[in-house]
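Excluded from the calculations below are hydrogen atoms, water molecules and symmetry mates; all remaining heavy atoms, backbone and side chain alike, are included. Lettering follows sequence order; numbering is per chain, from 1.
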Amino acid sequence: MQNQKTTKMRIQETLKDNICNFFNERYNTAIDKASIKIEKTKEGFEGDFSVNVFPFLRIAKTKPETLASDLGQYLQEKINTIQSVDVVKGFLNISLSDEFWKEFAQTSARTINFPSIYSNDKIVLEFSSPNTNKPLHLGHIRNNLLGESMSKILKLTGSRVIKVNLVNDRGIHICKSMLAWMKWGKGKTPADIGVKSDKFVGDFYVLFDKKYKEQVKELVEKGMSEDEAKKEAPLIKEAQELLEKWEAGDPETLKVWEMMNGWVYEGFDETYKKLGVSFDKIYYESQTYKKGKELVYEGLKKGVFYQKEDGSVWVDLTDAGLDQKLLLRSDQTSVYITQDIGTFIIRDNDYHADKYMYVVGNEQEYHFKVLQQILNKLGLDGSKVVHISYGMVNLPSGKMKSREGTVVDADDLIAEVIEKAKEKAEELGKLDNLEEETKRKTYEIIGLGALKYFILKIDAKKDMLFNPQQSVDFEGNTAPFIQYTHVRINSLINKAKNQGIDTFELKVVDKPIRTILKTLYEYPQIIAKAAKTLNPAVIANYIYDLARDYNQFYQTNPILKAENKDLKVSRLYVSQKVADYLKHTLSLFGIDIPKKM
RNA sequence: GGACGUGUAGCUCAAUGGAUAGAGCAACGGCCUUCUAAGCCGUAGGUUGCAGGUUCGAUCCCUGCCACGUUCACCA
């Protein structure tokens, strides 16, 4: 046990320690500290924190009310920051003294102390990981936002985070768009046509698919079975030949490949920039895909994998409750999982990290289980692999499918949401006096904020539904609501400063102020929960509560026109604090706040 | 068929085994000569998919069933 001053210790811990002592002294029973639940007192009851005594009735063998009031009395004797206690059924509601809250105000004025979760761990966090044959869509936005946000949250809880992107820049799908461009592109570039460069490439991918389907249809009409037609269509054969040429290092092919990928990266960078997403290191599959093969052969030598007569290599994972899994095809080419084995090793050599986290959709949960098991078999530590699994983004019509064109394009959506912010702002007319450039920036901050929040507020592991007809909200539980709260506070504070008031201080702790302080006090634990559960949505719920509580406060308590000076500076203090917290929480989502709105 | 997941208000989503299951949107009704109305207050809206079980207490845990989704490829 560290020798901490009790005032610095979280009050919940102090309470728990004393509750343990209570049961030790009175009932000679040691209870598990972790089993004690201390929560913020619910609205409508008198108190700051509540202890539920029901779980301890077995020990005490009395009525809940009796136990609660005995415990309350004990705690009040031991902890001097308790002002009063109140018993409702089995709940002991504890009110803390004004001094406690003033002390909290003073210490939190300097810094907020966040608990450390993966303490000092080095974490390599992979996210985004796009294919270079089509532009980004809403599903990628969710991935990118989750990754970027988790990196910030994990940093806050004491980890060193390295953000990496693994670009899927090779394979048959890339060859398809290359082939289409070579056949029908007439040597044109995105600049020639004036199309965003990743979309330009994506269009050729779609074109390939269209022509390919036509060929398949033709063959089927000639009497071929569909499966056979899919294999025999000239286009797919050409694409495969192109892939072979690429693997053989044919200069002509590589030239086209590099050029087209370059276009895609240019387009991606634009989208990443808008989303506020960045990486410390970018891996390219073309540079890492061979590594996995070596490891598979090594495993084969060690006898942890086995080879079938046709030459294909497998691993048997039935002892872990999984199936048998192919690692190398009979022609010795690698599959998806082979490459992931390779990239893990490369990454581990590069960083020697404690955890390798992957932000990847929940449809790949099985894949990651398999990966962990294989790494274990190879004598590596599969438990270092953490799959940050998130749900799919669905449309009212069902799942988004690139090839069927039922996707919400990332750039389109971003543009739409900024446009909507503009319309709304013009309607309200509050920005009319600003310069064009400032206006434009403001629309962007609000629109992108709305989009980011809209996605991140939903529990990461759950599927979510996006209705393009309704798009993204700007009212209620949204980023603009929170941004607006902040902007309004700033305006208030500026007015106060103009009146010559510049020291805000907590002198009065009345009920409305206390309500806000209680919420502020929770913040570090909220962050801890978000880090533990790998879910930024926890924070969104919190920000919204805070902003709503404050708006209520603002609406019912005059601040600049408070009855007396003490009340005025106290309310200003609380306002300032809320603004600081809102800004901090929003920054974890990569959301900015405009000066005016 | 096996594995995993989801099912809460008309819609989109909340709710560490606890107090009266909450918000927003949509609907209806109030509040701007007073700190920015992207705000605030109110009304209405629920058999938490169904049936059992565990317990002082279940939206949450267990079992069975129903519905939906994902996954189990010599695709990535």
Side-chain angles (χ1 to χ4, degrees), chain A residues 37 39 41-45 50 52 54-55 57-58 64 88-91 93 129 131 168 170-174 285 308 310-314 321-337 339-340 361-367 369-370 389 391-392 394 396 398-399 421 424-425 427-428 430 446 450 454 457-459 461-467 470 473-485 487-496 525 529 532-533 537-538 540-541 544-545 547-548 551-552 554-562 571-572 575 596-597:
Chain A
K37 284 178 224 156
E39 345 181 81
T41 302
K42 286 227 166 125
E43 199 122 359
F45 297 95
S50 298
N52 187 340
F54 274 114
L57 289 179
R58 278 222 186 89
V88 182
K89 290 194 247 175
F91 291 90
N93 297 329
S129 308
N131 289 344
N168 189 339
R170 62 162 288 279
I172 189 76
H173 51 292
I174 310 292
E285 213 171 271
K308 286 193 180 169
D310 61 5
S312 58
V313 180
W314 296 73
L322 305 171
D323 293 323
Q324 319 224 331
K325 181 82 186 171
L326 176 91
L327 300 177
L328 283 182
R329 299 189 186 99
S330 49
D331 64 3
Q332 305 302 294
T333 54
S334 55
V335 292
Y336 183 40
I337 192 88
Q339 294 171 27
D340 257 357
N362 60 13
E363 49 193 3
Q364 289 192 35
E365 265 166 24
Y366 182 77
H367 171 82
K369 276 185 197 155
V370 169
S389 171
M392 301 289 96
N394 295 317
K399 208 186 160 186
K424 181 92 189 170
E427 193 185 306
L428 295 170
K430 293 184 205 168
I446 296 170
F454 180 82
K457 80 172 175 188
I458 295 170
D459 190 332
K461 68 175 188 297
K462 286 191 179 171
D463 286 357
M464 61 174 280
L465 195 117
F466 178 77
N467 188 339
Q470 294 166 353
D473 292 331
F474 283 73
E475 275 151 32
N477 188 0
T478 65
F481 169 83
I482 294 151
Q483 290 167 325
Y484 176 73
T485 307
V487 166
R488 205 158 60 166
I489 294 173
N490 260 354
S491 157
L492 183 72
I493 283 168
N494 285 335
K495 281 222 167 105
Q525 283 172 317
K529 193 177 168 192
K532 260 187 220 156
T533 58
V538 173
N541 293 339
Y544 179 60
D545 280 347
R548 208 167 31 123
N551 279 328
Q552 219 167 51
Y554 174 91
Q555 213 86 208
T556 45
N557 299 284
I559 294 169
L560 295 176
K561 288 179 182 157
R571 285 177 182 166
L572 278 165
S575 302
K596 267 189 131 176
M597 72 183 279

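When rounded to the nearest whole Å, the span between CG of A/Asn551 and P of B/U36 equals 13 Å. Nucleotide B/A27 holds its P atom 11 Å from the CD atom of A/Glu475, rounded to whole Å. Atom pair A/Met392:CE and B/U71:P shows a separation of 9 Å (rounding to whole Å applied). In this entry the distance linking CG of A/Asn394 with C1' of B/U70 reads 10 Å, nearest Å. B/U8 atom P lies 12 Å from atom CG of A/Leu465, rounded to whole Å. If you take CD of A/Gln364 and P of B/A73, they are 14 Å apart, rounded to a whole angstrom. Taking atom CG on A/Leu492 and atom P on B/A37, their separation rounds to 11 Å, with Å as the unit. Distance A/Phe481 CZ to B/A23 C1': 10 Å, rounded to the nearest Å.
Distances shorter than 4.0 Å separate some side-chain N or O of A/Arg329 from OP1 or OP2 on B/C75. Close to B/C56, at under 4.0 Å from its OP1 or OP2, lies a side-chain N or O of A/Arg58. Side-chain N/O atoms of A/Arg488 include one lying less than 4.0 angstrom from OP1 or OP2 on B/A37. Taking side-chain N and O atoms only, A/Lys369 has no distance below 4.0 Å to OP1 or OP2 of B/C72. Residue A/Ser491 has a polar side-chain atom (N or O) positioned under 4.0 Å from OP1 or OP2 of B/U36.
Mapping A/Leu57 and A/Gln324 onto RNA chain B via the closest heavy atom, the residue that lands nearer the 5' end is A/Leu57. Of the residues near RNA chain B, A/Gln470 and A/Ser312, the one whose nearest nucleotide (by heavy atom distance) lies more toward the 5' end is A/Gln470.
With contacts defined as side-chain heavy-atom distances shorter than 4.5 Å, the pair A/Leu322/A/Tyr366 qualifies. With contacts defined as side-chain heavy-atom distances shorter than 4.5 Å, the pair A/Met464/A/Phe454 qualifies. Looking only at side-chain heavy atoms (C-beta outward), A/His367 and A/Asp340 come within less than 4.5 Å of each other. Within the 4.5 Å cutoff, the side chain of A/Met597 has heavy atoms near those of the A/Pro480 side chain. When side chains are defined from C-beta on, A/Asn168 does not count as touching A/Ser129, because their heavy atoms never get closer than 4.5 Å.
Counting any heavy atom pair closer than 4.0 Å across all strands shown, A/Asn494 reaches no nucleic acid atom. Nucleic acid contact for A/Ile446: base, since at least one base atom lies under 4.0 Å from a heavy atom of the residue. Note on A/Asp459: only backbone sugar-phosphate atoms sit closer than 4.0 angstrom, heavy atoms only; bases stay farther off. Nucleic acid contact class of A/Ile559 (heavy atoms, under 4.0 Å, all strands): base. Contacts of A/Lys424 with the nucleic acid, taken as non-hydrogen atoms under 4.0 Å apart, include base atoms. Within the 4.0 angstrom heavy-atom criterion, no nucleotide atom of any strand lies near A/Arg170. Residue contacts for A/Tyr366: at a heavy-atom cut-off of 4.0 Å it reaches the sugar-phosphate backbone alone, with no base atom in range. A/Met464 comes within 4.0 angstrom of sugar-phosphate atoms only, judged by non-hydrogen atoms across all strands, and of no base. Within the nucleic acid shown, A/Leu428 comes within 4.0 Å of at least one base atom, counting heavy atoms only.
B/A15 and B/G24: their C1' atoms are spaced 15 Å apart (whole Å). Rounded to a whole angstrom, the distance from the C1' atom of B/A58 to that of B/C50 is 16 Å. B/G5 and B/C60 are spaced 16 Å apart, taking the C1' atom of each and rounding to whole Å. Here, B/U6 and B/G49 have their P atoms 12 Å apart, quoted to the whole Å. Distance check on atom C1': B/U8 versus B/A14 gives 10 Å, rounded to whole Å. Comparing B/G45 with B/U71, their C1' atoms sit 38 Å apart, to the nearest whole Å. Going from the C1' atom of B/G7 to that of B/C75 covers 31 Å, rounded to whole Å. With both ends at atom C1', the span from B/C35 to B/G29 equals 27 Å, rounded to whole Å.
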Practice prompt. Could you please spell out the steps behind the side chain to side chain contact (heavy atoms under 4.5 Å, CB included) verdict for A/Asn541 and A/Lys457?
Written response: CA-CA 7 Å; A/Asn541 293 339; A/Lys457 80 172 175 188; 5.6 Å; no

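Relative to the side chain of A/Val335, the nucleotides B/U36, B/A76, B/U6 differ in distance, and B/A76 lies closest. Of the candidates B/U36, B/A76, B/C72, B/C72 carries the atom nearest the A/Asp323 side chain, counting heavy atoms from C-beta on. Residue A/Tyr336 has its side chain nearest to B/A76 when only B/A23, B/U70, B/A76 are considered.
A/Asp473 places no side-chain N or O within 3.5 Å of a backbone atom of A/Glu475 that could act as its donor or acceptor partner. In this structure, the side chain of A/Thr556 engages the main chain of A/Gln552 through a donor-acceptor pair within 3.5 Å. A donor-acceptor contact shorter than 3.5 Å links the side chain of A/Arg571 to the backbone of A/Pro558.
Using Watson-Crick or G-U wobble geometry with both donor-acceptor distances under 3.5 Å, B/U63 finds its partner in B/A51. B/G39 and B/C31 make up a base pair, with Watson-Crick or G-U wobble contacts both under 3.5 Å. Across all strands shown, B/G5 forms a Watson-Crick or G-U wobble pair with B/C68, both key distances being under 3.5 Å. Pairing partner, B/G18: B/C56, with both Watson-Crick or wobble hydrogen-bond distances short of 3.5 Å. Here B/A23 sits opposite B/U12 as a Watson-Crick or G-U wobble pair (both hydrogen-bonding atom distances under 3.5 Å).
The distance from atom CD1 of A/Ile489 to atom CG of A/Asn551, rounded to the nearest 0.5 Å, is 8.0 Å. In this structure, CZ on A/Arg548 lies 11.0 Å from CD1 on A/Ile482, to the nearest 0.5 angstrom.
No more than 12 heavy atoms of other residues, nucleotides or ligands shown are found within 6.0 angstrom of CD on A/Glu43.
Taking the six-membered ring where the residue is Trp, A/Tyr544 and A/Phe481 present tilted rings, their angle falling between 30° and 60°.
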Can you check nucleotides 31-34 of chain B for protein contacts, nitrogen or oxygen pairs under 3.5 Å, and list what you find?
unit_1	atom_1	unit_2	atom_2	d
B/U34	O2'	A/Lys561	NZ	2.5

Write out a two-atom table: protein N or O, nucleotide N or O from nucleotides 16-21 of chain B, distance below 3.5 Å.
unit_1	atom_1	unit_2	atom_2	d
B/U16	OP1	A/Lys529	NZ	3.4
B/U16	O4	A/Glu39	OE1	3.0
B/G17	O2'	A/Lys37	NZ	3.0
B/G18	N9	A/Asn52	ND2	3.2
B/G18	N7	A/Asn52	ND2	2.8
B/A19	OP2	A/Lys42	NZ	2.7
B/A19	N6	A/Ser50	OG	3.0
B/A19	N1	A/Asn93	OD1	3.4

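Closest approach of A/Phe466 and A/Pro396 over heavy atoms only: O-CD, 3.1 Å.
Shown here, B/C32 is classed syn by the O4'-C1'-N9-C4 or O4'-C1'-N1-C2 angle, which is within 90° of 0.
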